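Take a look at the structure below.
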Number of protein chains: 2
Amino acid sequence: MSDDLTPRARRLRDAGHKLTHARLTVLAALEDSGGHITSSEVLERVNLVDHTIGRASVFRTLDLLTSLSIIRPTYLHSSMTPTYVLLPDGHHHHFICTRCNRVIEFDDCGLAQIETDLEARLHVKLTGHLLEFYGLCERCAAESTFTPSTTESAS
Amino acid sequence: MSDDLTPRARRLRDAGHKLTHARLTVLAALEDSGGHITSSEVLERVNLVDHTIGRASVFRTLDLLTSLSIIRPTYLHSSMTPTYVLLPDGHHHHFICTRCNRVIEFDDCGLAQIETDLEARLHVKLTGHLLEFYGLCERCAAESTFTPSTTESAS
DNA sequence: ATACCAATTGAGATATAGTATCAACAGGGT
DNA sequence: ACCCTGTTGATACTATATCTCAATTGGTAT
Ligand SMILES: [Zn+2]
Ligand SMILES: [Zn+2]
Ligand SMILES: [Zn+2]
Ligand SMILES: [Zn+2]
């Protein structure tokens, strides 16, 4: 009856899942992090709080949260582990520099209309979206202009 | 001098990279696949053509193509190897069902204006984007309505 | 054509990430 | 307090990606 649940915990329960200690701990770890956190980092944070929580449960929880569109795995660089971002209001947007891997997040996306159209057209029920742009950040764009080939200036 | 290069091979070369046998083979494997192909599947296809090409080169090439916005890794469901998609005109868009992992791709995104605005606002140079929506596909949305908890009908 | 050199490669050992199994446990409804 | 089912944790296992470095090769200059 006590209703001191975080909004995301409530969504978990409303979807018919138990609010277990492991799940709530993973969720807290994600919320405490600044976003773009890997599974290993989640695992590390979780085990700082309670080292008895197993790896498998962390991965299972990440899967579960993803299936509920509470988080979303995204790729930053290198063919490795995804980093997870929260989808605060169902969406997340960022720019990734493909040269230095800098990430710039931004809030407004103007996708509301597109979302509505798409639901009607594909007959789907949307719960979230991720929009990512890639290219060169201001600094890297400038450096690329100067350097025909090899001038990796260590900044 | 012979100019029978695919557009993507040309982009590789124009960016200052050598057109090696390994790279061209990986590129061909990606182009031959229908998209949403994992690193292991690329490796498999590549080795069917030439089994002397090493794993490391395949991964290296996937990273390189990603940094050039020629391909982009995306996650279908969490805790999994990414699947790579080509970015034909710099962009790719799809819907992912978070229940059955069905993917529906679509072409139009209406992001041109947003892209222009963003370049000016963040002072970046954009080379591509990925837009993904999540939710329930028509079938899964219908099933979810009927089943309060456990009715995994094997279709 | 030949020679040259830096970029790139392949092999395979190593490191890292994620999954399977299953007995024990605990959330939440009664 | 009791029960039932979803969930868990330990561990062994599999899959995936990276590192290292001598050998090779693409591209260019001669
Ligand atoms: Zn940059
Ligand atoms: Zn949005
Ligand atoms: Zn579905
Ligand atoms: Zn687009």
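So you know, we letter chains A, B, ... as the sequences are listed, proteins then strands, and number each from 1. On a predicted model such as this, the values are computed, not experimentally measured, just so you know.
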### Message
Check for me, please, whether B:Leu64 and B:Ile37 land in the same ILVMFWY cluster - side-chain distances under 4.5 Å, paths through other members count.
### Response
yes
### Query
Taking the inter-plane angle between the rings of A:His129 and B:Phe133 on a 0 to 90° scale, is it parallel (under 30°), tilted (30 to 60°) or perpendicular (over 60°)?
perpendicular
### Message
Counting only heavy atoms not in A:Arg55 (residues, nucleotides, ligands), do more than 12 fall under 6.0 Å from its CZ?
### Response
no
### Query
Should A:Leu86 and A:Val58 be counted in the same cluster of Ile, Leu, Val, Met, Phe, Trp and Tyr side chains packed under 4.5 Å apart?
yes
### Query
Hey, are A:Lys125 and B:Glu138 close enough for a salt bridge, meaning a charged N less than 4.0 Å from a carboxylate O?
no
### Message
Please report the end-to-end axis angle for the helix from C:dA1-D:dT30 to C:dT30-D:dA1, five pairs per end, rounded to 10 degrees.
### Response
60°
### Task
In plain terms, say whether B:Asp108 and A:Arg121 are close enough for a salt bridge, that is, a side-chain N and a carboxylate O under 4.0 Å apart.
yes
### Task
Would you tell me if any nitrogen or oxygen in the side chain of A:Ser40 comes within less than 4.0 Å of OP1 or OP2 on C:dA17?
yes
### Query
Rounding to a whole Å, what distance do you find between A:Arg23:CZ and C:dC25:P?
19 Å
### Task
Return yes when atom CG of A:Asp107 has more than 12 non-hydrogen atoms of other residues, nucleotides or ligands closer than 6.0 Å, and no otherwise.
no
### Query
Which ones in residues 43-72 of chain A lie close to DNA chain D, meaning a heavy atom under 4.0 Å from one of its atoms?
A:Thr52, A:Ile53, A:Gly54, A:Ser57, A:Arg60
### Message
Is a donor from one side chain sitting under 3.5 angstrom from an acceptor on the other, for A:Asp50 and A:His21?
### Response
yes
### Query
Which residue, B:Thr81 or B:His21, contacts DNA chain C at a nucleotide closer to its 5' end, judged by nearest heavy atom?
B:His21
Which pairs, protein N/O on one side and nucleotides 28-30 of chain C N/O on the other, fall under 3.5 Å?
residue, atom, partner, partner atom, Å
C:dG28, OP1, A:Leu19, N, 2.9

### Polar contact flag, side-chain donor to acceptor under 3.5 angstrom, B:Glu105-B:His94
no
### Query
Checking side-chain contact (heavy atoms from CB on, under 4.5 Å) for the pair A:Val85/A:Ile71: CA distance, chi angles, key distance, verdict?
CA-CA 5 Å; A:Val85 294; A:Ile71 61 173; over 6 Å; no
### Summary
To the nearest angstrom, the NE2-P distance between B:His77 and C:dG18 comes to 12 Å
